[in-house]
Structures are given as structure tokens and as C-alpha cells.
Amino acid sequence: PYELKELAPRQFALFEGGEKVDVDLYYAPRRQRTGPELVTSKGTPVGDLVELRGRCYRIVAVRFCEYFKDGDECKFCNFNATQDDARSIGLGRTTTISVEDTVEAFVMHASEDRAVEGYMEMGAFENRENEVRIHANLFEKLSSATRYKPHLGASAQPESRKDMQRLKDAGLDSVFLHLEVWDPDLYAETVPGKAQFIGRDRCLEALEEAVDIFGRGHVGTVF
């Protein structure tokens with residue numbers, strides 16, 4: 001129901017029915033580096049692994065969803081399931097990043113700008129233990145890579161209480177669980193893979209468990 005209007009150059013506001021909504025919006029420019037492009041020891045451009053905006057960062061550790069192979073992907077998703085799919089539309093990208101390469105890139109970024117808060121996207125695996133193992137390894141290495149502990153946040157499928165605790169122990173500070181569809185009549189039709197492997201009731205239970213583990217204000221949902 002909202003309309004975004006530009007009041008002046010780089011000054012924006014939300015309006016609802018012609019009335020200005022009392023919320024602050026601000027422009028966050030991407031920092032422009034001077035000098036040669038940063039690359040890791042493997043020759044990977046740092047920007048391919050870690051996206052930095054001011055003191056916030058974003059890492060996509062796994063660009064992969066197993067639900068696509070059986071046609072059970074979320075119906076609103078345009079995620080590319082395989083490297084072949086990505087190449088077919090001109091995207092040359094790996095399915096899973098190198099943990100060591102990514103941690104090195106993060107340290108190089110942090111040496112220039114103190115990245116204090118970030119967001120990571122976990123994949124959508126049918127083998128949940130494998131998914132948790134991959135990301136717990138990344139979180140542990142990121143947590144100890146710099147002299148300070150950055151805030152680590154990630155969107156994830158609802159895991160078991162044990163696995164969510166494992167991610168917390170590995171260094172994850174905030175979690176945003178995939179519960180994109182709340183309506184019980186639409187859930188199975190819209191997210192068939194998650195309906196089969198997780199289920200809406202489990203998603204709701206996991207939200208409550210996540211608050212117990214991560215604390216209030218550190219848990220959300222991804223719409």
C-alpha cells in the first residue's frame with residue numbers, strides 16, 4: 001500500500017494514501033575504491049565473494065537449491081539451480097564458494113573498512129546436516145578471522161533445535177528463517193519442496209525455538 005517518493009536528490013519518503021509515513025530513509029552509496037582491484041591469493045576478485053556497503057557486508061555462501069531438480073522449488077523463486085542453468089542466461093558463477101577464499105576476502109575488506117554487520121544466504125538442501133555443516137564451518141572461520149567479532153546474520157531453512165544451536169555456537173548471531181508463506185491453504189502449493197521436507201508446522205515451531213537460542217530481536221522470517 002506504500003508509495004516511494006523522492007523529495008529531493010537522494011532524499012526519499014514513504015507515503016500511504018497521500019500521507020507521509022514517519023520512517024527515516026537514507027541513501028547508502030556503494031564505496032568506490034581507489035587503486036588496483038583487490039584479489040585473493042587464488043586470483044578471485046574480492047567483490048565476487050564479499051559485497052561491502054559501508055560497514056555492512058553480504059556473502060552468498062551457496063547458490064544452490066535442490067528442490068529445483070524435482071520441480072518442487074518455491075513458485076515465486078528465480079534462483080538458478082545449477083551452474084548449467086546459470087550459464088544458459090549468461091551468469092558464470094560457482095555453486096558453492098571456497099571457504100578459505102571467502103574468509104581471505106573478508107579479512108581484506110575488513111582491513112580497509114571495519115565490517116560490523118552482515119547478512120548471508122544459506123542454500124536449500126534436502127540433506128540438512130550437510131547444509132548446516134557447510135555453514136557452521138564458514139561461521140567459525142569468519143568469527144575468528146579478524147581481531148573483532150562481526151555480527152553474523154543469515155537466512156536459513158528452519159533446522160532442528162540441535163542444528164540451530166550448532167550454528168549459534170559456530171558464531172551465528174541472528175537468523176532469518178524461511179517462512180515465506182504463512183497462509184496454511186497456500187503453503188504446500190506455493191513452496192512444495194519446503195512443505196515436503198520441512199512443513200509449515202515445523203517452521204512455526206522452529207521460530208519459537210530460534211528465539212530461545214538466539215534471543216528476542218535476533219530472529220525473523222524471510223518473506
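Sequential numbering from 1 along the given sequence is applied to the chain's residues. These values consider heavy atoms only, across backbone and side chains, with no hydrogens, waters or symmetry-generated copies.
- Glu140 and Arg166 are not joined by a salt bridge, as no carboxylate oxygen comes within less than 4.0 angstrom of a charged side-chain nitrogen.
- Glu121 and Arg58 are joined by a salt bridge, as a carboxylate oxygen and a charged side-chain nitrogen come within less than 4.0 angstrom of each other.
- Hydrophobic clustering, with ILVMFWY side chains joined whenever heavy atoms are under 4.5 angstrom apart, keeps Phe15 apart from Val23.
- With contacts defined as side-chain heavy-atom distances shorter than 4.5 Å, the pair Ile198/Cys203 qualifies.
- Residues Ile213 and Val175 fail the side-chain proximity criterion, which asks for heavy atoms closer than 4.5 Å.
- Residue pairs meeting the salt bridge (charged side-chain N to carboxylate O under 4.0 Å, His left out) criterion with at least one member in residues 183-200, sequence neighbours excluded: Glu180-Lys194.
- Checking Glu126, Glu131, His178 one by one against Gln157, the side chain to side chain donor-acceptor pair (under 3.5 Å) holds for a single residue, Glu131.
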Using side-chain contact (heavy atoms from CB on, under 4.5 Å), reason through Tyr187 and Leu179 one step at a time and then give a plain yes or no.
CA-CA 9 Å; Tyr187 186 81; Leu179 184 53; 3.9 Å; yes
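- A 4.5 Å side-chain heavy-atom check between Pro192 and Lys75 finds at least one atom pair inside the cut-off.
- When atom types are taken as modelled, the side chain of Thr44 and the backbone of Thr40 share no donor-acceptor pair closer than 3.5 angstrom.
- Following chains of ILVMFWY side-chain contacts shorter than 4.5 Å, one can reach Leu207 starting from Val191, so the two form part of one hydrophobic cluster.
- Aromatic ring orientation, Phe176 versus Tyr119: tilted (interplanar angle from 30° to 60°).
- For the atom pair CZ (Phe125) and CD1 (Ile134), the distance works out to 4.0 Å, reported to the nearest 0.5 Å.
- Between Met108 and Glu104 the shortest side-chain heavy-atom distance falls below 4.5 Å.
- From Leu172, atom CG reaches atom OG of Ser143 across 8.5 Å, with rounding to the nearest 0.5 Å.
- Tracing side-chain contacts under 4.5 Å through hydrophobic residues (I, L, V, M, F, W, Y), one never reaches Val132 starting from Tyr67; they form parts of separate clusters.
- In this structure, Asp173 and Lys149 have side chains that are in contact, with non-hydrogen atoms separated by less than 4.5 Å.
- For the pair Asp169/Phe139, no side-chain contact is recorded, criterion being any heavy-atom separation below 4.5 Å from C-beta on.
- Linking ILVMFWY residues whenever their side-chain heavy atoms come closer than 4.5 Å, directly or via other members, leaves Val39 and Val103 in distinct clusters.
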Go through Glu205 and Glu208 one step at a time and tell me if the side-chain contact (heavy atoms from CB on, under 4.5 Å) criterion holds.
CA-CA 5 Å; Glu205 292 173 356; Glu208 294 186 6; 6.0 Å; no
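- In terms of heavy-atom proximity, Lys69 sits nearest to Glu66 at CG-O, 3.1 Å.
- Interatomic distance, CG of Leu167 versus NE2 of His135, reported as 9.0 Å (0.5 Å rounding).
- Within a 6.0 Å radius of CG in Asn127, more than 12 heavy atoms belonging to other residues, nucleotides or ligands are found.
- Within a 6.0 Å radius of CD in Glu16, other residues, nucleotides and ligands contribute more than 12 heavy atoms.
- No more than 12 heavy atoms of other residues, nucleotides or ligands sit less than 6.0 Å from atom CD of Glu19.
- If you chain together hydrophobic residues whose side chains sit under 4.5 Å apart, Trp182 and Val219 fall into the same group.
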Salt bridge (Lys or Arg N to Asp or Glu O under 4.0 Å) assessment of Glu209 paired with Arg202:
CA-CA 10 Å; Glu209 294 173 358; Arg202 174 58 201 151; 2.8 Å; yes
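- Residues Leu49 and Phe106 have side chains not in contact (no heavy-atom distance under 4.5 Å, counting atoms from C-beta outward).
- Under the 4.5 Å side-chain criterion, counting only non-hydrogen atoms from C-beta, Arg161 is in contact with Asp212.
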